[in-house]
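Below is one structure; the comments refer to it alone.
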Amino acid sequence: MSTHDLSTGGDVLDRVTRFAERAARAYGCAPASTVRLLNVSENATYLVVDPDQGPCILRVHRLGYHTGAEIESELAWMDALRTEAGVRTPRVLPAPDGQRVLALPDIEEAPEPATGTEPGALRHCVRFEYLPGTEPADDDATHFAELGEVTARMHRHAREWARPSWFTRFSWDYDAAFGREARWGRWQDGIGVGPAERAVLARLDAVLAARLAAFGTGPERFGLVHADTRLANLLVDGGRVSVIDFDDSGFSWFLYDVGTTVSFFEHQPQVPALVDSWLAGYRRVLSLPAEDEAEIWTFIMFRRLLLVAWIGSHQGADIAQQLGAGYTQDSCDLAERFLSQGGKE
């Protein structure tokens, strides 16, 4: 996968914003509603302020990343977590006809389709309730413990939940991350990956493949996960904690979730202490066998290499531009330490 349609330039994003304005009306928002872009990653997220109904969140999906059934599956798990596991997630606000996921033409009718858009392409979108709260700081050990606890509740629910027969989500296994059809592109195409960097990261890739194969995908280790449990996806409002952005949720190792908690700053010196805080919170709900805990850095490095690929294929995203080749160099340094210590950091 190369750069996706939401990170290919201002003209595309302007078109997506016009789409968001049309989608807000399709969801029943008043014509006077304002639509403001909050962030862009695998999708574009907008704050819609309706003078009659108040604020809500509109998520506009990138083309081709998920099918409608996959998005409905994501929403089904969010609903179940909220009602069955006590995990606070945003409610879906349906359109007037009851539809939760809308698929609308990507462009307005025009004599010529916009550049980069196939005629007749449909783009998905979902409207969520607005949840108050703020994102905790990345180095907040207290909230890392809370994150560990809520992640354990999600894992416990995932193991016990009787999923609907139509439920479908993609996987985050080795092949999805680094195989021939790598979901976020090849790490070899990351920013600043030259011959020296390729040699180090290839050694890391080989070690990860071997360790993950040995770890296995039994049901006690592999299942439905959030797959992006960074503090950026927690909202803290007083004593209430909400989990947002299940867009990457799918089937992976449960320990992949701890790997995602330190995304983009895995090389920072505070990470081992933050992981300890996460583990303390996790153990309030679930135990973690010693042999599983010993592989935590395997999953941190799995995520790190995956993000080298993500940055390379999402060069229009703000964080990719901020991190650039420096992230690759830090990844090589981290990989050298990981490999020299026999796969432990």
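Quantities reported herein were computed from a predicted structural model and do not represent experimental measurements. When a residue number appears, it is its place in the shown sequence, counting from 1.
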Before we go on, tell me: are the rings of Tyr174 and Phe302 under 6.0 Å apart, centre to centre? no
Same hydrophobic cluster for Val200 and Trp297, using side-chain heavy-atom links shorter than 4.5 Å among ILVMFWY? no
Consider only side-chain heavy atoms of I, L, V, M, F, W and Y, link residues closer than 4.5 Å, and tell whether Val241 and Leu235 are in one cluster. no
Minimum heavy-atom distance between Gly192 and Ala325, given as atom pair plus value: CA-CB, 4.0 Å
On the six-membered ring of Phe246, is Arg169 placed so that its NZ or CZ lies under 6.0 angstrom from the centre and within 45° of the ring axis? no
For the residue pair Arg230 / Ser263, report whether a side-chain donor-acceptor contact shorter than 3.5 Å exists. no
Between the main-chain N or O of Asn43 and the side-chain N or O of Arg59, is there a donor-acceptor pair closer than 3.5 Å? no
Using every non-hydrogen atom in the two residues, find where Leu122 and Pro105 come nearest and quote the distance to one decimal. CD2-N, 3.6 Å
Polar contact flag, side-chain donor to acceptor under 3.5 angstrom, Thr168-Ser73: no
Are His124 and Glu70 close enough, and set up right, to give a side-chain contact (heavy atoms from CB on, under 4.5 Å), and what steps lead you there? CA-CA 11 Å; His124 292 101; Glu70 288 170 339; over 6 Å; no
If you round to the nearest 0.5 Å, how far is CZ of Arg156 from CG of Leu81? 11.5 Å
Going by atom types only, do Asp257 and His155 share a side-chain donor-acceptor pair under 3.5 Å? yes
side-chain contact (heavy atoms from CB on, under 4.5 Å), that's the test. Do Asp173 and Leu212 meet it? Break it down for me. CA-CA 9 Å; Asp173 55 15; Leu212 292 171; over 6 Å; no
Do the side-chain N and O atoms of His314 and Trp184 include a donor-acceptor pair separated by under 3.5 angstrom? no
Spacing of CG belonging to Leu323 relative to OG1 belonging to Thr328, to within rounding of 0.5 Å: 9.5 Å
Passes side-chain contact (heavy atoms from CB on, under 4.5 Å), Tyr130 versus Val48? Steps please. CA-CA 9 Å; Tyr130 175 84; Val48 180; over 6 Å; no
Please tell me whether Arg82 and Thr89 have a donor and an acceptor in their side chains that are separated by less than 3.5 angstrom. yes
Is Arg203 reaching over with its side chain to a backbone N or O of Ala335, donor-acceptor style, under 3.5 angstrom? no
Cationic N near anionic O, under 4.0 Å, Arg183 to Glu42: no
Using the benzene-type ring in the case of Trp, are the ring centres of Phe254 and Tyr282 under 6.0 Å apart? no
Does Glu266 use its side chain to pair, donor to acceptor, with the backbone of Phe264 at less than 3.5 Å? yes
Working to the nearest 0.5 angstrom, can you tell me the gap between Phe144 CZ and Leu274 CG? 4.5 Å
Without swapping roles, check the side chain of His267 against the backbone of Cys332 for a donor-acceptor pair under 3.5 Å. no
Arg159 side chain vs Glu220 backbone, donor-acceptor pair below 3.5 Å: yes
Restricting to non-hydrogen atoms, name the atom on Val207 and the atom on Leu339 that form the minimum distance, rounded to 0.1 Å. CG2-CD2, 3.5 Å
Tell me whether Arg304 forms a cation-pi arrangement with Tyr327, defined as NZ or CZ under 6.0 Å from the six-membered ring centre and within 45 degrees of its axis. yes
Taking every non-hydrogen atom, the tightest pair across Leu37 and Asn39: CD1-O, 3.7 Å
Any Lys/Arg nitrogen of Glu295 or Arg221 sitting under 4.0 Å from an Asp/Glu carboxylate oxygen of the other? no
Step by step, would you call Arg100 with Asp79 a salt bridge (charged side-chain N to carboxylate O under 4.0 Å, His left out)? CA-CA 12 Å; Arg100 307 203 318 164; Asp79 289 344; 2.9 Å; yes
Search all heavy atoms of Arg211 against all heavy atoms of Ala294 and return the closest pair with its distance. NH2-O, 4.5 Å
Sub-3.5 Å donor-acceptor pair from the side chain of Gln315 to the main-chain atoms of Gly312, do we have one? yes
Going through the distances and angles, do Ile57 and Leu47 end up as a side-chain contact (heavy atoms from CB on, under 4.5 Å)? CA-CA 5 Å; Ile57 298 296; Leu47 174 66; 4.0 Å; yes
Backbone N or O of Leu234 within a donor-acceptor pair of the Glu135 side chain at under 3.5 Å? no
Are Trp310 and Phe265 connected in the hydrophobic side-chain network, where two residues link if heavy atoms are under 4.5 Å apart? yes
Quick one: do Ile300 and Val225 end up in the same hydrophobic cluster if we chain Ile, Leu, Val, Met, Phe, Trp and Tyr together by side-chain heavy atoms under 4.5 Å apart? no
Identified side-chain hydrogen bond (donor to acceptor under 3.5 Å, both in side chains) partner of Thr260 from the options Thr229, Asp228, Thr151: Thr229
Interatomic spacing from CG in Leu279 to CZ in Arg283 - rounded to 0.5 Å: 5.0 Å
Taking the basic N atoms (NZ, or NE/NH1/NH2) and the acidic carboxylate oxygens, is any pair closer than 4.0 Å for Asp50 and Arg127? no
Polar side-chain atom of Trp253 near backbone of Gly216 as donor-acceptor pair, under 3.5 Å: yes
Does Arg284 have more than 12 heavy atoms from other residues, nucleotides or ligands lying within 6.0 Å of its CZ? yes
Trp161 vs Trp77 aromatic rings, parallel, tilted or perpendicular, using cut-offs 30° and 60°? parallel
Tyr65-Asp248 side chain donor-acceptor pair, cut-off 3.5 Å: yes
Separation between CD of Gln321 and CD1 of Ile191, rounded to the nearest 0.5 Å: 8.5 Å
Donor-acceptor contact present, side-chain Arg25 to main-chain Pro31, <3.5 Å: no
